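Worksheet: one structure, shown below.
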Amino acid sequence: MTEPSLQLLRPEQLDANGLVVTNPANGSQVATVRRYDTDALTRIIDAAEAARHGWAARTAKQRSDILRAWYDLIIAHTEDLARLMTLESGKPLDEARGEVKYGAAFIEWFAEEARRAYGEVIPTHAEGKRIVTLRQPVGTCAAITPWNFPLAMITRKVGPALAAGCSIIVKPAEMTPLSALALEALAQEAGIPHDLFRVAPAVKSSDAGDLFCTHRAVRKISFTGSTAVGKVIMAKAAGQVKRLSLELGGNAPFIVFDDADLDRAVEGAIASRYRNAGQTCVCANRFLVQDGIYDAFVEKLAARVGAMTVGDGVANPSAMGPLVSHREAARVAGLVAQAQAQGARPVGELADVPQGGAFHAPMVLADVTTDMDIAHEEIFGPVAPVIRFSDEAEALRIANDTPYGLAAYFYTADAARQWRVMEALECGMVGVNDGLISTEVAPFGGVKESGFGREGSSHGLADYMTIKYCLLGGLG
Ligand SMILES: NC(=O)c1ccc[n+]([C@@H]2O[C@H](COP(=O)([O-])OP(=O)(O)OC[C@H]3O[C@@H](n4cnc5c(N)ncnc54)[C@H](O)[C@@H]3O)[C@@H](O)[C@H]2O)c1
Ligand SMILES: O=C[C@H](O)CS(=O)(=O)O
């Protein structure tokens with residue numbers, strides 16, 4: 001293997017005739033990995049079901065120590081993990097390094113949470129009886145993850161699952177299996193039993209999803225991806241009433257009121273819209289800017305965007321990278337063309353974009369109105385549509401006029417307005433005067449068609465545990 005970061009992978013994870021992984025920056029082949037058909041996946045699930053009992057029987061401290069060892073190995077291999085991520089997803093090295101640290105933080109966090117799955121003794125309602133609750137692991141879990149955060153979306157599920165005493169099988173996105181496979185190899189090195197946590201790229205993703213929804217041993221499915229596929233999983237999981245966590249699509253409003261700190265709002269817009277070339281579920285997707293600050297905001301944002309560097313994330317670690325595929329880049333270009341045909345106005349100079357890769361120039365579109373398609377689509381690309389509004393009521397009406405409800409952001413100096421708007425926004429997460437909200441210590445998740453369940457924080461462990469109530473009678 002010429003690429004040093006591929007040393008993280010184990011021979012049994014690779015297959016010359018398997019799934020081909022290519023670099024979206026230049027189309028080069030990075031690796032070919034083993035894929036699992038339904039029979040092979042069934043055997044993996046059966047083995048996970050057998051392995052979980054011994055893992056759950058270990059003390060919380062023992063599970064915590066092994067998770068901590070895994071965390072230490074991830075951090076020790078940050079550079080190779082980041083390079084592998086950049087090669088398979090296009091994410092620039094600086095952002096990839098950040099994702100490794102962010103993803104590792106979930107393992108560190110749940111290594112600590114593992115020791116705090118407290119039950120209760122409830123004051124009894126009747127003489128001679130006592131009531132206690134136990135928190136127990138859900139059992140064997142399955143996870144299906146997206147391509148845009150190839151490492152953090154795995155640790156955000158596997159961390160709490162293992163901390164709770166569960167086993168878990170991860171089906172990664174076809175385009176980005178390498179980071180997940182590297183995590184699996186490091187987990188085994190840390191002492192996590194081989195059958196307890198497996199990464200299984202699928203021959204056919206829908207077959208894997210069907211199996212997760214129908215195999216009796218799978219007690220919970222955690223899905224992160226598009227709302228459309230999330231609905232498919234939810235419908236199929238109903239057959240056996242399986243536990244679900246759904247982290248789905250978003251259409252985050254980014255509201256700038258007249259009294260906002262303009263420079264802070266522009267910095268927040270850059271951080272929220274253009275991170276990962278706009279390919280994050282919590283990206284600001286629509287900019288709602290009040291009349292009095294509209295022109296200044298558009299001008300300042302467009303100047304910053306036009307000065308961005310776009311390029312290969314290995315050669316230029318701080319650049320904005322390509323989209324994950326040419327198909328995605330073409331989809332975004334189509335959305336922009338449609339918006340312009342409907343009256344949107346591109347603002348400022350466009351950054352130079354390398355030829356050949358799946359690149360799309362970062363853009364600002366002014367004069368966008370709510371009747372345009374781009375105001376309602378999850379863009380998932382580096383394009384900022386800017387909509388004008390007059391007052392707070394109009395801003396909230398526009399912001400909430402979407403089936404999604406994941407993240408929202410707004411900028412104002414008015415403390416009373418901060419409380420009014422925070423409470424009125426229909427979403428799971430709000431950034432006030434800040435464009436970056438993702439952290440392992442806070443509950444990440446949405447409402448409406450952005451899904452349910454929470455990842456990270458102390459709430460994240462509950463998604464992998466059950467509460468059993470026990471009544472002890474005849475105690476005299
Ligand atoms: N809410 C969050 O935390 C979060 C995080 C990242 C991405 N996302 C969302 O994910 C989407 C982008 O990711 P994507 O393109 O990988 O999404 P996607 O829904 O196309 O794919 C997600 C995963 O589902 C698998 N899949 C696809 N069809 C399936 C089927 N019929 N049955 C079972 N599995 C199937 C894919 O192979 C992949 O592993 C965006 O909508 C983004 O907002 C949400
Ligand atoms: O795509 C959304 C992910 O959840 C990434 S992050 O948690 O916002 O970094």
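In listed order, ligands and their atoms are each counted from 1. Computed from a predicted structure; not experimentally measured.
Phe197 and Trp70 have tilted rings, their planes meeting at an angle from 30° to 60° on a 0 to 90° scale.
At a 4.0 Å heavy-atom cut-off, ligand 1 touches Asn148 through the side chain alone. Contacts between Ile233 and ligand 1, counted as non-hydrogen atom pairs separated by less than 4.0 Å, involve the side chain only. With a 4.0 Å cut-off on non-hydrogen atoms, Ile437 does not touch ligand 2 at all. At a heavy-atom distance under 4.0 Å, no atom of Ala228 approaches ligand 1. Neither the backbone nor the side chain of Glu455 comes within 4.0 Å of ligand 1, counting heavy atoms alone. For Glu455, no heavy-atom contact with ligand 2 is shorter than 4.0 Å. Counting heavy atoms closer than 4.0 Å to ligand 1, residue Arg156 contributes side-chain atoms (C-beta onward) but none from N, CA, C or O. Within the 4.0 Å heavy-atom criterion, the part of Met153 lying near ligand 2 is the side chain and not the backbone.
No heavy atom of Gln279 sits closer than 4.0 Å to any atom of ligand 2. Within the structure, ligand 2 has Arg156 among the residues with a heavy atom less than 4.0 angstrom away.
Note: an N/O pair closer than 3.5 Å links Ser205 and ligand 1 by distance alone. On a distance-only criterion, Tyr102 and ligand 2 share at least one N/O pair closer than 3.5 Å. On a distance-only criterion, Thr227 and ligand 1 share no N/O pair closer than 3.5 Å.
Although no hydrogens or angles enter the test, the distance criterion places no donor-acceptor pair under 3.5 Å between the side chain of Arg52 and the main chain of Cys166. With Arg68 contributing its side chain and Ala111 its backbone, the two residues share no donor-acceptor pair below 3.5 Å. A distance-only check finds a donor-acceptor pair linking the side chain of Thr214 to the backbone of Asp210 [under 3.5 Å].
Distance screen at 4.0 Å: atom 16 (O) of ligand 1 has a protein heavy-atom neighbour inside the cut-off.
Interface of Val282 with ligand 2, defined as ligand atoms under 4.0 Å from a residue heavy atom, comprises 8 (O).
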